[in-house]
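For reference, the structure is listed below as structure tokens.
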Amino acid sequence: MDQKTLFIVLGVLALVILSTLSRKKAKSPLAKPAVEYHYKRKDFMMSRAEHEFFSILTRGLGDKFFIFPQVNISSILDHTVKGQDWRAARAHINRMSVDYVICDKSNVRPLVAIELDDPTHDKEDRQKRDADVNRIFEEAALPLVRFSDTRQMNTADIIQRITDKLPNSY
């Protein structure tokens with residue numbers, strides 16, 4: 001094969017490879033048109049038990065603190081810790097949430113997280129998740145207070161358990 005033919009064959013081969021790569025890129029998930037999903041507003045943001053507990057928190061702490069319900073953990077904990085894969089760390093907590101977060105009113109700093117442990121927390125997979133959440137919050141030095149049966153507690157006891165976890169400056 002002479003040199004001219006070799007260059008033609010290599011040129012055609014290069015065009016085939018570029019064309020194939022271009023088609024693969026066009027078929028990538030990023031190139032697909034967006035799917036249009038549909039949604040509707042929920043009638044209630046919280047369950048009845050969560051709403052009742054929120055009312056207790058608001059009456060007992062609302063004058064001094066902000067109380068946020070159903071907060072994603074990735075909104076209150078920094079996953080960009082030096083020496084770890086930050087993408088994997090964010091993905092690990094991305095779909096986790098806590099029932100409430102108590103924040104100071106001056107700069108909305110998270111002070112205490114709260115979980116209501118209803119009967120679903122008795123399941124084995126949920127217990128593993130809860131143990132992981134406990135570990136995460138302990139390592140992050142953000143107190144996490146768990147309540148399993150608030151019907152057996154009065155408002156003062158609930159507020160006291162939370163205020164006991166607040167930093168001394170509060």
### Message
Closer than 3.5 angstrom, by distance alone: can the side chain of Asn72 be matched with the main-chain N or O of Ser74 as a donor-acceptor pair?
### Response
no
### Message
Looking at Met45, is its backbone amide N or carbonyl O close enough to the side chain of Gln70 to form a donor-acceptor pair, meaning the two atoms are under 3.5 Å apart?
### Response
yes
## Note on the structure
From the list Ile56, Ile162, Ile158, side-chain contact (heavy atoms from CB on, under 4.5 Å) with Leu61 holds only for Ile162
## Note on the structure
Rounded to the nearest 0.5 angstrom, the CZ-CG distance for Arg126 and Asp118 is 7.0 Å
### Query
His51 versus Phe44: any side-chain heavy-atom pair under 4.5 Å?
no
### Gap between atom OG1 of Thr155 and atom CD of Gln160 - 0.5 Å precision
13.0 Å
### Name of the residue among Phe68, Phe147, Phe66, Phe53 meeting ring-ring contact (aromatic ring centres under 6.0 Å, His included) with Tyr100
Phe53
### Message
Can you give me the closest heavy-atom contact between Ser97 and Arg129, atom names plus distance?
### Response
O-NH2, 2.7 Å
### Query
CG of Leu111 to NZ of Lys64: how many Å apart, nearest 0.5 Å?
11.0 Å
### Query
How about Arg135: does its CZ atom have over 12 heavy atoms from other parts shown lying under 6.0 Å from it?
yes
#### Entry: In one Ile/Leu/Val/Met/Phe/Trp/Tyr side-chain cluster, 4.5 Å: Val71, Val108
yes
### Message
With a 4.5 Å cut-off on side-chain heavy-atom distances among I, L, V, M, F, W and Y, is there a chain of contacts connecting Leu77 to Met96?
### Response
yes
### Which atom of Ile102 lies closest to which atom of Ile67, heavy atoms considered
CD1-CG1, 3.7 Å
### Query
Do Arg161 side-chain atoms and Arg146 backbone N/O form a donor-acceptor pair below 3.5 Å?
yes
### Query
Just how far is it from atom CG of Leu57 to atom CZ of Phe65, taken to the nearest 0.5 Å?
11.5 Å
#### Entry: Close side-chain approach of Asp99 and Ile114, heavy atoms under 4.5 Å
no
### Message
Around atom NZ of Lys105, are there more than 12 heavy atoms from other residues, nucleotides or ligands closer than 6.0 Å?
### Response
yes
### Task
State the NE2-CD distance between His79 and Gln84, to the nearest 0.5 angstrom.
8.5 Å
### Task
Nearest 0.5 Å please: distance from the CG atom of Asp130 over to the CG atom of Asp125.
9.5 Å
### Message
Ignoring hydrogens, what is the shortest heavy-atom contact between Pro110 and Leu142? Give both atom names and the distance.
### Response
O-CD1, 3.6 Å
### Query
Do you know the tightest heavy-atom contact between Val98 and Glu115?
CA-OE1, 3.4 Å
### Query
Do you know the tightest heavy-atom contact between Phe54 and Pro69?
CE1-CD, 4.0 Å
### Nearest heavy atoms of Ile76 and Val101, plus distance in Å
CD1-CG2, 3.8 Å
### Task
Give a yes or no on whether the backbone of Leu144 and the side-chain of Glu138 come within a donor-acceptor separation of less than 3.5 Å.
no
### Neighbour count above 12 (heavy atom, 6.0 Å) for Asn168 CG
no
